[in-house]
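We count residues from 1, following the sequence as given.
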Amino acid sequence: KPGQYVQFKVPETDEFRAYSVASAPSQDNGIDLIVRLVSGGLCSTYIHEVLDLNDQITLTGPFGDFYLREDSLRDIVCIGGGCGMAPIRSILLHLKEQNMPRRVMYFFGARSKKDLFFSEELFALERQYPNFKYIPALSEPKPQDNWDGETGLITQAVERIMYGDGNTEGYLCGPPPMIDASIKVLTQKGVKEIHIYYDKF
């Protein structure tokens, strides 16, 4: 389901690492993962520096109860930060295949412009579907970024911009402090906590 994750087995070890799927479930010839290289990270170092084309790997899954509720007609607010892009991208690609039937806002927080990714794809999606809005925000924009978009914490951007009449559900993915702050903002905006789904990284 869009939003779920797989477990990647590190070869020659008994270690697994969880990575959210970043592609749509309909993609049947493979899956996309977004893997940030972590200094000293067992699995990310293997993927970035050892894994090669045609190598055999072991994945298990999919797992997780963070996924798009497709039986709902509510508006959607997605809030992500850092590696929280992957599962939300899967959800958005799935909604795109359905011609974006619901109103969706996607708030994505990063430190500086170099920490943003898939922005061209997301702005193209925004141009294609008037009911989709992508709002990136930088907490520490650098002078060379020439940034004229939203600044501050992503939750501050949500407070300023989010519309809705309470008939909204939230999909949150990122670090625990961001998730906790986002839940607080969304409930203040009238979103019922039972309709807020999240994955803490």
Side-chain angles (χ1 to χ4, degrees), residues 2-3 5 20 22 34 36 38 64-69 72-96 100 102-201:
Y5 69 92
S20 296
I34 300 173
R36 179 171 60 93
V38 177
D65 55 11
F66 178 79
Y67 56 82
L68 177 66
R69 270 51 183 183
S72 168
L73 297 175
R74 285 183 286 272
D75 292 343
I76 295 172
V77 172
C78 300
I79 306 173
C83 292
M85 173 69 77
I88 293 175
R89 181 175 184 261
S90 178
I91 288 171
L92 294 175
L93 291 175
H94 184 71
L95 289 169
K96 178 184 178 183
M100 201 62 71
R102 296 156 70 180
R103 191 164 63 161
V104 182
M105 299 186 82
Y106 180 22
F107 294 88
F108 184 76
R111 281 202 180 92
S112 62
K113 201 169 182 179
K114 71 177 179 59
D115 301 310
L116 292 177
F117 43 101
F118 289 113
S119 282
E120 288 184 17
E121 175 182 286
L122 292 163
F123 282 126
L125 191 65
E126 186 180 67
R127 290 190 295 272
Q128 189 174 357
Y129 296 102
N131 58 327
F132 172 68
K133 185 77 177 160
Y134 170 56
I135 304 108
L138 301 184
S139 59
E140 301 170 18
K142 299 186 185 312
Q144 61 267 31
D145 288 342
N146 295 315
W147 183 253
D148 60 1
E150 293 294 320
T151 57
L153 298 175
I154 195 61
T155 46
Q156 294 170 324
V158 175
E159 282 183 303
R160 287 192 296 266
I161 298 169
M162 180 186 160
Y163 49 69
D165 55 7
N167 188 30
T168 303
E169 58 193 44
Y171 293 89
L172 320 176
C173 201
M178 188 212 80
I179 300 289
D180 295 339
S182 297
I183 291 171
K184 185 176 180 182
V185 170
L186 290 182
T187 53
Q188 288 172 348
K189 291 277 189 176
V191 183
K192 295 183 176 70
E193 200 156 344
I194 194 172
H195 295 148
I196 299 175
Y197 311 100
Y198 56 84
D199 204 354
K200 294 183 177 180
F201 286 175

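- Within a 6.0 Å radius of CD in E193, other residues, nucleotides and ligands contribute 12 heavy atoms or fewer.
- A 4.5 Å side-chain heavy-atom check between L116 and L138 finds at least one atom pair inside the cut-off.
- Between Y5 and Y67, the ring center distance fails the sub-6.0 Å criterion.
- E150 places a side-chain heavy atom less than 4.5 Å from the side chain of I161.
- Scanning both residues, F66 and P87, for their nearest heavy atoms gives CE2-CB, 3.7 Å.
- Other residues, nucleotides and ligands contribute over 12 non-hydrogen atoms within 6.0 Å of the NZ atom of K189.
- Between V191 and G170 the shortest heavy-atom distance is CG1-N, 4.4 Å.
- Relative ring orientation between Y106 and Y134 is described as tilted, the plane-to-plane angle lying within the 30° to 60° band.
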Give the C-alpha distance, both sets of side-chain angles, the deciding distance and a yes or no for side chain to side chain contact (heavy atoms under 4.5 Å, CB included) between L92 and L122. CA-CA 9 Å; L92 294 175; L122 292 163; 3.6 Å; yes
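- Among all heavy-atom pairs drawn from L172 and L186, the shortest one is CD2-CD1, 3.7 Å.
- Annotation for A22 and L93: closest pair O-CD1, 3.8 Å, computed over non-hydrogen atoms.
- Rounding to the nearest 0.5 Å gives a distance of 8.0 Å between OG of S182 and CD1 of I154.
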Derivation and outcome, salt bridge (charged side-chain N to carboxylate O under 4.0 Å, His left out), residues D180 and K200: CA-CA 9 Å; D180 295 339; K200 294 183 177 180; 3.0 Å; yes
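- You'll find the side chain of D75 stays beyond 4.5 Å of the side chain of E169, heavy atoms only.
- In this structure, R160 CZ and T155 OG1 are separated by 9.0 Å, a value rounded to the nearest 0.5 Å.
- Residues F107 and A157 share a closest heavy-atom pair of CE2-O, 3.7 Å.
- The distance from the SG atom of C78 to the CD1 atom of I88 is 5.0 Å, given to the nearest 0.5 Å.
- Not a single donor-acceptor pair under 3.5 Å links the side chain of R102 to the backbone N or O of M100.
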Could you walk me through whether R89 and E121 pass the salt bridge (charged side-chain N to carboxylate O under 4.0 Å, His left out) test, one step at a time? CA-CA 10 Å; R89 181 175 184 261; E121 175 182 286; 2.9 Å; yes
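- Put simply, the side chain of S112 reaches to within 4.5 Å of the side chain of K142, judged on heavy atoms.
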Give the intermediate values and the outcome of salt bridge (charged side-chain N to carboxylate O under 4.0 Å, His left out) for residues D145 and K113. CA-CA 6 Å; D145 288 342; K113 201 169 182 179; over 6 Å; no
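- Between N131 and E126 there is no side-chain heavy-atom pair separated by less than 4.5 Å.
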Side chain to side chain contact (heavy atoms under 4.5 Å, CB included), that's the test. Do S20 and D199 meet it? Break it down for me. CA-CA 10 Å; S20 296; D199 204 354; 4.2 Å; yes
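- Under the 4.5 Å side-chain criterion, counting only non-hydrogen atoms from C-beta, V158 is not in contact with I135.
- For the residue pair G81 and M178, the shortest heavy atom distance occurs at N-SD, 3.8 Å.
- With rounding to the nearest 0.5 Å, the separation of CE in M85 from CZ in F108 is 4.0 Å.
- In this structure, the separation between CZ on R103 and CZ on F132 is 13.5 Å, given to the nearest 0.5 Å.
- Inter-residue side-chain proximity for I196 and T187 is flagged as met; some heavy-atom pair is nearer than 4.5 Å.
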Test R74 against R69 for side chain to side chain contact (heavy atoms under 4.5 Å, CB included), laying out the working first. CA-CA 10 Å; R74 285 183 286 272; R69 270 51 183 183; 5.7 Å; no
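- For Y197 and Y171, the ring centers sit closer than 6.0 Å to each other.
- Using a 4.5 Å heavy-atom cutoff, the side chains of I76 and T168 are not in contact.
- The environment of E120 atom CD is sparse: at most 12 non-hydrogen atoms of other residues, nucleotides or ligands sit within 6.0 angstrom.
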Between K133 and V104, does a side chain to side chain contact (heavy atoms under 4.5 Å, CB included) hold up when you go through it step by step? CA-CA 6 Å; K133 185 77 177 160; V104 182; over 6 Å; no
